[in-house]
There are 2 protein chains.
Amino acid sequence: MENLIKVLKNGSCKITPQRIAVYNALKDSPTHPNAEAVYNKLAPTYPTISLATVYKSLELFEELGLIQVINVGENSFRYDFIATSHPHLICTKCQKVEDLFEDSFSELASVVEEKTNYKISKQQLSFYGVCPSCSGA
Amino acid sequence: MENLIKVLKNGSCKITPQRIAVYNALKDSPTHPNAEAVYNKLAPTYPTISLATVYKSLELFEELGLIQVINVGENSFRYDFIATSHPHLICTKCQKVEDLFEDSFSELASVVEEKTNYKISKQQLSFYGVCPSCSGA
DNA sequence: GTACTTGCAAATATTTTGCAGTTAC
DNA sequence: GTAACTGCAAAATATTTGCAAGTAC
């Protein structure tokens, strides 16, 4: 059974075509779209879907732990399909947002906990710079 | 000579009471206020100052490298007086945003550069959790 | 005096909300 | 059948912009 279906059932949430569509749109988008981009991607296939529904679905998915909301300093939020917390790379020229997989960063939270007595539940690491293709051009 | 004055002169920008006020408001706020909070703080003393001016001043200060814009996932930006990039701690209960000074994090950028071929110019690290006073209560 | 800056108001952008109608179960 | 969900429109919130009046130099 698909992960989304399982998690929705678990949370006593209805399985609707809209939610499946939003979920798949995110899954197929390596670009970490914002809500409007998701909406635009779906609009041709689902002419009656509304932006509000996209927002509501994304909010639900975050509560269920299916996706991660990231904010890289634009004035809109981006949504990331991968639920595990990982750093992001933002190109300051072409604005693309990439994932960064670097194991050594996962231990940062415990360093912070030790130092501050906070109970850390989530972290967001963003690195801003110029990507190889932009710096090459 | 005060730092603000020096930097403004350097950038051929006028030294105005409003800019000085915004700068000092930030300097005196360990809470990393957002634009509206800065405005509210100034309003009693400067009844005619406008929110637009606060925004314009903050934008200018960022361009001049005097302050840092941070975004911890709210839908407003916060502004940080300290220009050097450092991690932030956000309490998910009381919403306060603290600075974290931890030297070992400064080398992260070079790790990322090596791994990705990005030329990193800025980083934002945010750790979310429950602060000691909230978890104690 | 002039170029920069301010402050107002309007515009823009993003996200949230209320509610009537619809749908999954 | 009922509670949950959708879609529309309006509201709320945050930020930007245009421009006339004001101010630093």
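Keep in mind it's a predicted model, so treat the numbers as computed, not measured. Letters go in sequence order (proteins before strands), and every chain restarts at 1.
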Nearest whole Å is fine: how far is C:dT14 P from A:Ile70 CD1? 16 Å

What is the distance, to the nearest angstrom, from the CD atom on B:Glu59 to the P atom on D:dA14? 18 Å

note: B:Tyr39, atom OH; C:dG7, atom P; distance rounded to Å ~ 9 Å

Once you round it to whole Å, what is the distance between P of D:dT16 and CG of B:Leu60? 13 Å

Hey, does A:Glu36 reach any base, or is it just sugar-phosphate, or nothing, if we go heavy atoms under 4.0 Å? sugar-phosphate

Nearest-neighbour nucleotide for the A:Ser76 side chain, C:dA3, D:dT6, C:dT14 considered: C:dT14

Which residue pairs satisfy the ring pair (Phe, Tyr, Trp, His ring centres under 6.0 Å) criterion with at least one member in residues 32-62 of chain A, sequence neighbours excluded? A:Tyr23-A:Phe61, A:His32-A:His88

Give the nucleotide from the list C:dT16, D:dC5, C:dC8 with an atom nearest to the side chain of A:Arg19. D:dC5

Under a 4.5 Å cut-off applied to non-hydrogen side-chain atoms, are B:Val97 and B:Thr31 in contact? no

Is any side-chain heavy atom of B:Thr16 closer than 4.5 Å to a side-chain heavy atom of B:Ile20? no

When rounded to whole Å, the CD1 to C1' distance for the pair B:Ile15 and D:dT23 reads 13 Å

Sorted by position of nearest nucleotide on DNA chain C, 5' first, the leading residue of B:Cys13 and A:Tyr79 is B:Cys13

B:Gln18 atom CD is separated from D:dT23 atom P, nearest whole Å, by 9 Å

Options D:dA14, D:dA9, C:dT15, nucleotide nearest the side-chain atoms of A:Leu51: C:dT15

Would you mind telling me which of C:dT6, D:dC8, C:dT5 lies closest to the side-chain atoms of B:Thr53? C:dT6

Report yes if at least one side-chain N or O of A:Thr16 is closer than 4.0 Å to OP1 or OP2 of D:dT6; otherwise report no. yes

Between P of C:dT12 and OH of B:Tyr55, the distance in whole Å: 18 Å

Atom CZ of A:Phe77 and atom P of C:dT14 are separated, to the nearest Å, by 12 Å

Taking D:dG7, C:dA9, D:dA14 as options, the one with an atom nearest any side-chain atom of B:Asn75 is D:dA14

Between C:dT15, C:dG18, D:dC5, which one does the side chain of A:Lys14 approach most closely? D:dC5

How about B:Lys122 and B:Ser85: does a side-chain donor come under 3.5 Å of a side-chain acceptor? no

Is a donor from one side chain sitting under 3.5 angstrom from an acceptor on the other, for B:Glu62 and B:Tyr79? no

Below the 4.0 Å mark, does C:dT6 have OP1 or OP2 next to a side-chain nitrogen or oxygen of B:Thr48? no

